[in-house]
Chemist: 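Please read through the structure below; I'll follow up with questions.
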Amino acid sequence: MSEALALFDILTSAERAEHERLEALNSLQPFLETDEAVEKLAAAAREENTLSVRARMLELLVNIPITRLSEREALTDTLSWFACLEPERPLRLLAIEALSNLAAYLDSVQEILADTLVNDLDPAIQQVCLDGLSKTVNISAETITKVSEFIALAPASVKPALLNLVKRFPTDSAATLALQFLSPLETRHTREAAIAFLASLAAPSATVIENLSARFMSETDLYVRAAIIRLLSDLREIDTTLFTGIFAALQKAPDQPELLALIRDRLVAHPELQTALTQLFEQTPSAGLKIRLLALLAHCEMPELLITALNDKNPYVREAAIPYLEKKFVLHQDLLEPALAAAVKQEPLLALRSALINVVLNSGRKSAATLQLLTELAVAETDHYLKTQLINAVLEVPVTPANKAALLQLFREVLEANWYPDHTRNAVIERLKTFSYSDSPDLKRSLGLLLELSKDIRELAATYGLLKTLEVDIS
C-alpha cells in the first residue's frame with residue numbers, strides 16, 4: 001500500500017495523458033481507504049485542473065466509507081471545498097450530496113449546508129442542502145438564522161422541503177418562521193401546510209394568533225381563509241378584539257359563514273357577544289346571514305335574537321326562526337309569548353301563521369296568559385282551518401270574566417256558520433250547556449240558534465229542558 005501511495009504523485013502527474021491518469025486512479029482505488037491516502041487524494045483533487053480527472057478524484061473521495069477513517073477532517077474539508085468553491089455544477093452537487101448523507105452523524109456539516117443553501121442559486125443543490133439539514137440532530141442557532149433569511153428568497157420548488165425543515169426547529173422559532181409561508185405569493189398547498197403545522201402546536205404564541213387574526217380578514221383564497229378560521233376556532237382562548245373584526249367583516253361581506261365558527265362555541269363564555277349578534281342581525285340586509293345567525297341558537301340562549309327574527313321582513317328568516325322558537329318557547333315563555341302573539345297577528349302568510357299557532361298549541365301546560373292569547377287569536381283569525389284549530393283548543397279554556405264575552409262570540413260564530421266540522425259544533429253545544437243565563441247578546445243568539453237548528457222534537461225538547469235548568473247570572 002505504501003508503494004502504491006509513493007507512486008500516486010507520479011501516476012497522477014499532469015505531465016501524463018488524461019486517459020493514463022484516469023486509468024491510474026482506477027487502479028489505485030483499492031488502496032485509497034486509509035487516512036494517509038485520503039489526505040493525499042484530497043489535496044490532489046483541490047489542485048487538479050483537468051475536469052475529468054478532478055471529477056474522478058471527487059468520486060473516489062465520495063465513495064470512501066467514512067467509518068473506516070480515524071481522521072475525517074481531510075475528507076469533510078475537501079467535500080466542503082468542492083461544495084463552496086467548485087465552479088462545475090455536477091461536482092458541487094456530488095459534494096453536497098455526500099455532505100448531506102453525513103449530516104446525521106456530523107453536526108459540523110450543517111454550517112456548510114446552510115451556507116450553500118443561502119448562496120447557491122441552483123434549486124437542485126438547494127433541495128439536497130435541505131434534505132441534509134433535515135437529517136441534522138442538533139440544529140444550531142446560526143443555521144436557524146440563515147434559513148430564516150432564505151425563506152423569502154427560496155424558489156417555489158424547494159418550499160415544501162423548507163417548511164418541513166422549519167418544523168424541526170424549536171417551537172417558538174418554527175411558529176414564527178412558519179408565518180412567512182402564508183404570503184399570498186406562496187402556493188395554496190404550501191400555505192395550507194403551514195397553517196396545518198401551526199394548528200398542530202399545543203399553544204400558539206400571541207404573535208402567531210395576532211398575525212393570523214389580522215391575516216384572515218384580508219385573505220382572498222377561500223380554502224386558506226377557511227383553514228385559518230378552523231385554527232382560530234379551535235383555540236382554547238382567543239383575543240376578544242378579534243370579535244369586533246369578525247362582526248365588521250360579516251357586515252361588509254355576509255357570505256362568509258365560516259366566520260361564525262369563531263363565535264359559535266364562545267357565546268357562553270362571552271355573553272357580551274349575544275348583544276352584538278342581535279345588533280348585527282338587525283343591521284345586516286342579508287337573509288342568508290340572518291339564517292346562519294339563528295343557527296347559533298342551538299349553542300346558547302338568546303331570546304332577544306329570536307324575538308328580532310320573528311319581526312323580520314323576510315319570510316324565509318321568519319320561517320327559519322320557528323324550529324328554534326318551538327324549542328325555546330317554554331324556557332323563555334315570559335319573553336317570547338308577547339312577541340309570538342304580535343307575530344301571529346301580523347303574519348300575512350298562512351303557512352307561517354299556522355306554524356306559529358302550532359307553537360302555542362304544542363307548548364304543553366299553558367299559563368293563564370297563554371290561554372288568553374289563544375282566545376284572542378281565535379277571535380282574530382280569518383282562515384277557516386286555523387280558526388277551527390284554535391276554537392278546538394279554546395274549548396278547554398276555563399271561563400273567566402275576562403274571556404267570557406270572547407268565548408261566547410266564538411261559540412255563536414260556530415253555530416251560525418255551516419262550514420265548521422260536526423265534532424266542533426257538538427263540542428260547542430256541550431260547552432254552552434255549562435253557561436248560566438246572562439244578558440249577553442252572543443249567549444242569547446247561541447241559545448236561539450240551538451232551538452232553530454233542532455232537527456227533531458227530541459233535540460227541541462232537550463234544548464228547551466236546558467233552557468229551563470239554566471240558572472240566572474245576576475252579574
Chemist: So do E88 and L51 actually touch side chain to side chain, heavy atoms under 4.5 Å?
Modeler: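 Yes, their side chains come closer than 4.5 Å.
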
Chemist: Do side-chain atoms of S100 reach the backbone of I96 as a donor and acceptor pair under 3.5 angstrom?
Modeler: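 Checking the backbone N and O of I96 against the side chain of S100, no donor-acceptor pair under 3.5 Å is found.
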
Chemist: Taking all non-hydrogen atoms of both residues into account, name the closest pair between L163 and A193 and its distance.
Modeler: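 Closest pair (atom of L163, atom of A193, distance): CD2-CB, 3.6 Å.
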
Chemist: R54: what forms a side-chain hydrogen bond (donor to acceptor under 3.5 Å, both in side chains) with it, not counting sequence neighbours?
Modeler: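 With sequence neighbours excluded, R54 shows a side-chain hydrogen bond (donor to acceptor under 3.5 Å, both in side chains) to E86, given in chain and number order.
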
Chemist: Only pairs under 3.5 Å count here: list side-chain donor-acceptor contacts from residues 125-132, not counting sequence neighbours, and write none if there are none.
Modeler:
| residue | atom | partner | partner atom | Å |
| --- | --- | --- | --- | --- |
| Q126 | NE2 | D120 | O | 2.8 |
| Q127 | NE2 | D131 | OD1 | 3.3 |

Chemist: Are any of the side-chain heavy atoms of V147 and F169 separated by less than 4.5 Å?
Modeler: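 Heavy-atom side-chain distance check passes, below 4.5 Å.
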
Chemist: Tell me, please, which residues at least two apart from A295 pass side chain to side chain contact (heavy atoms under 4.5 Å, CB included).
Modeler: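 A295 satisfies side chain to side chain contact (heavy atoms under 4.5 Å, CB included) with Y324 only.
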
Chemist: Could you walk me through whether V137 and Y105 pass the side chain to side chain contact (heavy atoms under 4.5 Å, CB included) test, one step at a time?
Modeler: CA-CA 8 Å; V137 178; Y105 313 103; over 6 Å; no

Chemist: With side-chain hydrogen bond (donor to acceptor under 3.5 Å, both in side chains) as the rule and sequence neighbours excluded, what pairs involving residues 172-181 come up?
Modeler: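 Qualifying pairs, neighbours excluded: none.
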
Chemist: Sequence neighbours excluded, which residues qualify as salt bridge (charged side-chain N to carboxylate O under 4.0 Å, His left out) partners of K167?
Modeler: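 Residues passing salt bridge (charged side-chain N to carboxylate O under 4.0 Å, His left out) with K167: none at all.
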
Chemist: Please output the side-chain donor-acceptor pairs of residues 150-158 that fall under 3.5 Å, not counting sequence neighbours, one pair per line with the distance.
Modeler:
none

Chemist: Could you give the side-chain donor-acceptor pairs of residues 342-356 under 3.5 Å, partners two or more places apart or in another chain?
Modeler:
| residue | atom | partner | partner atom | Å |
| --- | --- | --- | --- | --- |
| E347 | OE1 | R318 | NE | 2.7 |
| E347 | OE2 | R318 | NH2 | 3.1 |
| E347 | OE2 | L349 | N | 3.0 |
| R353 | NE | E381 | OE1 | 3.1 |
| R353 | NE | E381 | OE2 | 3.3 |
| R353 | NH1 | E347 | O | 3.1 |
| R353 | NH2 | E381 | OE2 | 3.0 |

Chemist: Between the side chains of T190 and T187, does any donor sit under 3.5 Å from an acceptor?
Modeler: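 The answer is yes; a qualifying pair exists.
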
Chemist: What pairs with H189 under ring pair (Phe, Tyr, Trp, His ring centres under 6.0 Å), at least two apart in sequence or on another chain?
Modeler: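 Per chain and number, H189 pairs via ring pair (Phe, Tyr, Trp, His ring centres under 6.0 Å) with no residue.
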
Chemist: Looking just at side-chain N and O atoms, do N358 and Q389 make a donor-acceptor pair shorter than 3.5 Å?
Modeler: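 Yes.
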
Chemist: Hey, could you give me each pair passing salt bridge (charged side-chain N to carboxylate O under 4.0 Å, His left out) that has a residue in residues 134-146? Not counting sequence neighbours.
Modeler: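 Listed once each, the pairs are D115-K146.
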
Chemist: Of all residues at least two apart in sequence or in a different chain, which pass the side chain to side chain contact (heavy atoms under 4.5 Å, CB included) check with Y223?
Modeler: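 Residues passing side chain to side chain contact (heavy atoms under 4.5 Å, CB included) with Y223: R188, E192, D221.
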
Chemist: What residues, two or more places apart in sequence or in another chain, satisfy side chain to side chain contact (heavy atoms under 4.5 Å, CB included) together with A55?
Modeler: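 Once residues adjacent in sequence are excluded, the partners of A55 under the side chain to side chain contact (heavy atoms under 4.5 Å, CB included) criterion are L91.
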
Chemist: Check side chain to side chain contact (heavy atoms under 4.5 Å, CB included) between A124 and all other residues, then give those that pass, not counting sequence neighbours.
Modeler: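 For A124 the side chain to side chain contact (heavy atoms under 4.5 Å, CB included) partners, ignoring immediate neighbours, are R89, D122.
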
